Visitor: 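Have a look at the structure that comes next, please.
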Amino acid sequence: MDIESMAWRVIEKYWKLIVPVDVHEIARRMKITIVSDSFLSVSGEFSLEEKNRPLVKVHTSENPLRQRFTLAHELGHFVLNHGP
């Protein structure tokens, strides 16, 4: 399956058809823990917690739109099985 098809599968399964797309809600529905972290050296990172539960950290000192983009980007890593 190509990347675009995978993205549409996530949107169809988790999006409530409200604009703008609420990536925080999608992450919560996918059982992904989101952590705000002002000490990250990057905009965001994806990792796995205990029992392989997905975790996304987002740098809080960046613009809220950038944080939203970063969360969506890190969700992409999770969906595409890129690993931490």
Side-chain angles (χ1 to χ4, degrees):
M1 180 178 299
D2 67 355
I3 293 172
E4 185 174 349
S5 297
M6 292 176 82
W8 277 111
R9 278 185 42 197
V10 169
I11 287 172
E12 289 169 351
K13 185 172 182 179
Y14 297 104
W15 185 38
K16 293 182 178 180
L17 301 177
I18 298 170
V19 175
V21 175
D22 187 344
V23 292
H24 286 86
E25 177 65 18
I26 290 173
R28 283 189 288 274
R29 294 184 71 203
M30 295 176 77
K31 308 284 191 245
I32 297 172
T33 301
I34 305 168
V35 174
S36 298
D37 188 338
S38 60
F39 297 105
L40 282 178
S41 60
V42 292
S43 295
E45 66 182 26
F46 165 68
S47 63
L48 296 173
E49 296 182 286
E50 296 175 18
K51 300 181 182 177
N52 288 329
R53 183 178 168 116
L55 169 71
V56 171
K57 292 183 182 178
V58 178
H59 199 300
T60 55
S61 69
E62 295 189 342
N63 176 293
L65 289 176
R66 174 59 193 201
Q67 291 179 45
R68 181 175 180 266
F69 170 84
T70 297
L71 177 56
H73 175 89
E74 299 304 328
L75 288 178
H77 287 300
F78 172 67
V79 170
L80 296 171
N81 295 310
H82 287 172

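What you see is a predicted model, and the numbers here were worked out from it, not measured in a lab.
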Visitor: Can you name the nearest heavy-atom pair linking Leu40 to Asp37, along with the distance?
Guide: N-OD1, 3.5 Å
Visitor: List the atom of Ile34, the atom of His24, and the distance in Å for their closest heavy-atom pair.
Guide: CD1-CD2, 3.8 Å
Visitor: Val35 and Met30: same hydrophobic cluster, using ILVMFWY side-chain contacts below 4.5 Å?
Guide: no
Visitor: I'd like to know if the side chain of Trp8 and the backbone of Ile11 have a donor-acceptor N/O pair within less than 3.5 Å.
Guide: no
Visitor: Kindly compute the distance separating CH2 (Trp15) from CG (Asp22), expressed to the nearest 0.5 Å.
Guide: 11.0 Å
Visitor: Nearest 0.5 Å please: distance from the OG atom of Ser61 over to the CZ atom of Arg66.
Guide: 11.5 Å
Visitor: Identify the heavy atoms of Leu75 and Ala27 that sit nearest to each other, and give their distance.
Guide: CD2-CB, 3.8 Å
Visitor: For a quick test of reading the model, state the closest non-hydrogen atom pair linking Gln67 to Thr60 and the distance between them.
Guide: NE2-O, 3.1 Å
Visitor: Between Glu25 and Arg28, is there a salt bridge with N-O shorter than 4.0 Å?
Guide: yes
Visitor: Which atoms form the tightest heavy-atom contact between Leu71 and Val23, and what is the distance?
Guide: CD2-CG2, 3.7 Å
Visitor: Group every Ile, Leu, Val, Met, Phe, Trp and Tyr by side-chain heavy-atom contacts under 4.5 Å, then state whether Val56 and Leu65 land in the same group.
Guide: no
Visitor: Can you tell me how far CZ of Phe78 sits from CG of Leu48, rounded to the nearest 0.5 angstrom?
Guide: 8.0 Å
Visitor: Is any side-chain heavy atom of Ser43 closer than 4.5 Å to one of Glu62?
Guide: yes
Visitor: Heavy-atom count check: over 12 atoms from other residues, nucleotides or ligands less than 6.0 Å from Arg9 CZ?
Guide: no
Visitor: To the nearest 0.5 Å, tell me how far Arg29 CZ sits from Lys13 NZ.
Guide: 9.0 Å
Visitor: Looking only at non-hydrogen atoms, find the nearest pair between Arg68 and Pro20 and report the distance.
Guide: NH2-CB, 3.5 Å
Visitor: What distance separates His59 NE2 from Glu45 CD, expressed to the nearest 0.5 Å?
Guide: 10.5 Å
Visitor: Which distance, rounded to the nearest 0.5 Å, do you find between the CD of Glu74 and the CD1 of Ile32?
Guide: 10.5 Å
